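These figures come from a predicted structure and were not determined experimentally. Heavy atoms only: backbone and side chains are in, while hydrogens, waters and symmetry mates are out.
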Amino acid sequence: MVDFGLLIIRLVIGILFIGHGAQKLFGWFGGYGIKGTGGWFESIGMKPGTTMAVLAGLTEFIGGALFALGLLTPFAGVLIAGTMVVAIIKVHGPNGLWITANGYEYNLTLIAVAIGIALIGPGRYALDAFLF
């Protein structure tokens with residue numbers, strides 16, 4: 001049952017991060033694509049915005065895919081956690097903890113999940129279990 005629980009966590013978090021990456025890279029799921037995301041990044045001081053949008057999108061998309069598959073799970077956890085640390089520093093941190101004030105509560109939760117899974121392992125239903 002533990003392995004199935006880890007699979008559910010990995011799939012939900014991983015697929016959501018794939019979606020966030022696709023919003024930035026392709027404009028899917030209501031996203032703004034590279035140009036729109038790049039403009040927003042520029043507005044919060046992340047320059048060059050287009051480059052940062054590509055890097056953020058790739059990090060989320062690849063990190064999410066690896067996490068969902070349970071492939072190179074520690075690396076995937078670091079990618080996911082890293083993007084959330086940047087989100088806290090650049091966007092949510094000044095608003096305090098609680099999400100009701102656009103704070104970093106949700107980002108911190110995602111960091112805990114990503115690093116927790118990276119440390120304990122992805123479980124039996126993961127590519128890491130088959131390959132390593």
#### Entry: Non-hydrogen atoms of Gly38 and Ala53 that approach each other most closely
N-CB, 3.7 Å
### Task
Would you check if Met46 and Val86 make a side-chain contact, meaning some heavy-atom pair closer than 4.5 Å?
yes
### Exercise: identify the closest heavy-atom pair between Ala129 and Gly123
CB-O, 3.7 Å
### Task
Decide yes or no on side chain to side chain contact (heavy atoms under 4.5 Å, CB included) for Phe61 and Phe26, but give the supporting numbers first.
CA-CA 11 Å; Phe61 194 88; Phe26 314 119; 4.2 Å; yes
### Query
How long is the span from the OG1 atom in Thr51 to the CD1 atom in Ile34, to the nearest 0.5 Å?
10.0 Å
### Query
If every non-hydrogen atom of Ala81 is compared with every non-hydrogen atom of Ala114, which pair is closest and at what distance?
N-CB, 4.3 Å
### Query
Does Ile120 belong to the same Ile/Leu/Val/Met/Phe/Trp/Tyr cluster as Phe132, with side-chain heavy atoms less than 4.5 Å apart forming each link?
no
### Message
With a 3.5 Å distance limit and no angle check, can you tell me whether Arg10 reaches the backbone of Phe67 through a side-chain donor-acceptor pair?
### Response
yes
#### Entry: Lys47 backbone acceptor or donor facing Glu42 side chain under 3.5 Å
no
### Query
So, do Thr109 and Tyr104 sit near enough that their side-chain heavy atoms are less than 4.5 Å apart?
no
### same_hphob_cluster(Leu55, Ile62) at 4.5 Å side-chain heavy-atom cutoff
no
### Task
Could you tell me whether the side chain of Leu66 reaches within less than 4.5 Å of the side chain of Phe75, counting heavy atoms only?
yes
### Task
Please examine the side chains of Val113 and Ile80, heavy atoms only from C-beta on, and report whether any two atoms are closer than 4.5 Å.
no
### Query
Do Leu127 and Val12 belong to the same hydrophobic cluster, where Ile, Leu, Val, Met, Phe, Trp and Tyr are linked whenever their side-chain heavy atoms lie under 4.5 Å apart, directly or via other members?
no
### Query
Judged by atom type as modelled, is there a donor-acceptor pair below 3.5 Å linking the side chain of Asp3 to the main-chain atoms of Arg124?
yes
### Task
State, with a plain yes or no, whether a side-chain heavy atom of Trp40 is found less than 4.5 Å away from one of Val91.
yes
### Query
Is Ile115 linked to Leu79 within one hydrophobic cluster, defined over Ile, Leu, Val, Met, Phe, Trp and Tyr using a side-chain heavy-atom separation of less than 4.5 Å?
no
### Query
Is the side chain of His92 donor-acceptor paired with the backbone N or O of Asn102 at a distance under 3.5 Å, no angle test?
yes
### Message
I need the Asn95 CG to Leu97 CG distance, nearest 0.5 Å.
### Response
11.0 Å
### Message
With a 6.0 Å cut-off (strictly less than), is the heavy-atom count around NZ of Lys90, excluding the residue itself, greater than 12?
### Response
yes
### Message
I'd like to know if the side chain of Asn107 reaches the main chain of Met84, judged simply by a donor and an acceptor atom lying under 3.5 Å from each other, with no hydrogens or angles considered.
### Response
no
#### Entry: Taking every non-hydrogen atom, the tightest pair across Gly63 and Ala76
O-CB, 3.7 Å
### Query
Taking the side chain as C-beta and beyond, is there a heavy-atom pair between Leu69 and Asp128 under 4.5 Å?
no
### Query
Atom CD1 of Ile13 and atom CD1 of Ile9: how far apart are they, to the nearest 0.5 Å?
8.0 Å
### Task
Measure the CG-CG distance between Leu11 and Leu6 for me, rounded to the nearest 0.5 Å.
11.0 Å
### Query
Could you state the interatomic distance from CZ (Phe29) to CD1 (Ile18), rounded to the nearest 0.5 Å?
9.0 Å
### Query
Once you round to the nearest 0.5 Å, how far does CD of Gln23 lie from OH of Tyr32?
9.0 Å
### Query
Going by heavy atoms in the side chains, are Thr59 and Phe17 under 4.5 Å from each other?
no
### Message
Going by salt bridge (charged side-chain N to carboxylate O under 4.0 Å, His left out), name the pairs with one or both residues in residues 57-84, residues two or more places apart or in two chains.
### Response
Lys24-Glu60
### Task
Please check if Leu72 and Leu131 belong to a single hydrophobic cluster, counting links between Ile, Leu, Val, Met, Phe, Trp and Tyr side chain heavy atoms closer than 4.5 Å.
yes
